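Written out below as structure tokens is the structure these notes cover.
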Amino acid sequence: MLFRQLFDKTSSTYTYLLASRHGGEALLIDPVFENTQRYLKLLEELDLKLVKVIDTHIHADHVSAMGKLRDATRCVTVMGEQSPADVVSLRVRDNDTLTIEGLTLTALHTPGHTSESYSFLMDDRVFTGDTLLIRGTGRTDFQNGDPYEQYHSLFERLLKLPDNTLVYPAHDYKGDTVSTIAEEKAHNPRLQVRSADEYAEIMNNLNLANPAMMDVAVPENLKLGLRMAAQHRVAVMEVDEILADWPCQDCQLVDIREESERRRFGAIPDSIHAPYGLFDQYCCSTGPLAGIAKSTRVLLYCAVGERSTLAVEIASELGLRNVAHIPGGFTAWQKAGGPVEQIA
Ligand SMILES: [Fe+2]
């Protein structure tokens, strides 16, 4: 496995790069906007294809590189389902698995620092965001933070992981790089409490100043997604248009979401599946979509229209001309009351 812990000096943020092999797919956790070129250079040097980027939560102390990385690499942006960010490609919920080639992460909803904070467990290590820090815990006094929820996230979730699990936080201000669950249980001063009330008492009396970047970072991080205007930079067919002439006679609907999303939410009836991660293979000259597009309009959809915008661009670069997408994706389809088929 390739594993890199990258440090941002200004915000003391750790960003993690994960991949199973040189030449394969990669994932980044909590990337910082100002370091985007550094990540892209490293990905190139290690011959990696960035396919997913996770933000563990809406950061208040730095702007995320998620949007810039998506624009540069067409990677999938990932956050928890509770995230207030307006457009996120893929939303995970508690205990969902998130995969890239050769690696699987389990999403753990660990609210408290913020209501949408997630940790991600991968084999012998856990990426704890700002929930559990080395000898500390993330503050709980803004962004729907709640010390009682954090107490639960810590004591009922993270500290129940095996003692030798490596702890990789999103920040460290002293230069520590890694810890373990056992070490934090024994030596983290915030965890030496007997009750949630005692924990809340500590957290409610920290009296910390707001992060310097907060007023800039939070609003920026809420709108990194490809919103409606951006989704119209490629050919579209609106939900209303499709429903006015349903069932669609002269178009083929193509679902580019992951199998887990299809099983969870259902799909538009009669759509075929061409997952975004393999989309270029489906569009190459011998791929199934290339054949269909010769005679029929291909209509792509994903969860919210972000991946499908990028997919129309990929299709067009590969020479497919008859491809459009549904702005707002399956979410807009459901909102409009479009028919949904359950996927077994
Ligand atoms: Fe944070």
Side-chain angles (χ1 to χ4, degrees), residues 5-16 28-35 53-69 77-86 88 91-92 94 105 107-121 126-154 157-158 167-179 184 188 190-191 199-200 202-204 206-225:
Q5 182 178 34
L6 306 160
F7 186 61
D8 176 67
K9 269 191 261 173
T10 312
S11 62
S12 298
T13 301
Y14 285 130
T15 299
Y16 299 94
L28 277 167
I29 301 176
D30 289 331
V32 176
F33 183 84
E34 285 78 5
N35 302 333
V53 178
I54 302 175
D55 265 356
T56 51
H57 63 288
I58 296 285
H59 296 282
D61 56 355
H62 67 270
V63 176
S64 166
M66 217 180 214
K68 224 176 160 187
L69 286 167
T77 57
V78 183
M79 285 197 82
E81 64 177 353
Q82 296 82 357
S83 171
D86 57 356
V88 178
R91 287 176 184 264
V92 290
D94 192 34
L105 284 77
L108 307 175
H109 184 211
T110 49
H113 171 59
T114 66
S115 52
E116 81 288 354
S117 286
Y118 271 72
S119 300
F120 290 86
L121 178 65
V126 62
F127 303 96
T128 53
D130 289 0
T131 303
L132 176 59
L133 305 175
I134 299 172
R135 309 299 190 264
T137 56
R139 62 194 294 174
T140 56
D141 56 339
F142 53 64
Q143 290 179 282
N144 295 320
D146 183 326
Y148 288 92
E149 282 192 345
Q150 193 172 54
Y151 178 87
H152 182 269
S153 296
L154 290 164
R157 302 297 304 271
L158 295 177
V167 172
Y168 284 104
H171 293 288
D172 193 86
Y173 305 94
K174 309 170 299 297
D176 291 324
T177 52
V178 61
S179 181
E184 291 312 306
N188 188 324
R190 300 253 174 99
L191 303 180
Y199 183 73
I202 295 176
M203 298 309 286
N204 289 337
L206 294 177
N207 300 318
L208 300 167
N210 279 346
M213 281 283 287
M214 185 166 172
D215 293 340
V216 178
V218 172
E220 281 294 314
N221 288 332
L222 289 172
K223 56 178 173 67
L224 292 172

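Keep in mind that what you see is a predicted model, and the values were worked out from it rather than measured. Numbering of residues begins at 1 and proceeds along the displayed sequence. Atoms within a ligand are numbered from 1 in the order they appear, just like the ligands themselves.
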Quiz item: Do Arg157 and Asp94 meet the salt-bridge criterion of a basic N to acidic O distance under 4.0 Å?
Solution: yes
Practice problem: Among the N/O/S atoms of His113, select the one at the shortest distance from the Fe ion (ligand 1) and name it. | Solution: NE2
Quiz item: Passes side chain to side chain donor-acceptor pair (under 3.5 Å), Thr131 versus Ser153? Steps please.
Solution: CA-CA 8 Å; Thr131 303; Ser153 296; over 6 Å; no
Exercise. Verify the distance test for His57 against the Fe ion (ligand 1): any N/O/S atom under 2.8 Å, yes or no.
Key: yes
Quiz prompt | Where Thr15 and Asp30 come nearest, the two heavy atoms and their spacing | solution = OG1-O, 2.7 Å
Practice problem: Decide side chain to side chain donor-acceptor pair (under 3.5 Å) for Asp8 and His62; before the verdict, give the C-alpha distance in whole Å, the side-chain angles of both, and the deciding distance to 0.1 Å. | Solution: CA-CA 10 Å; Asp8 176 67; His62 67 270; over 6 Å; no
Self-check item: Closest approach to the Fe ion (ligand 1) by Asp130, given as the N, O or S atom name
Solution: OD2
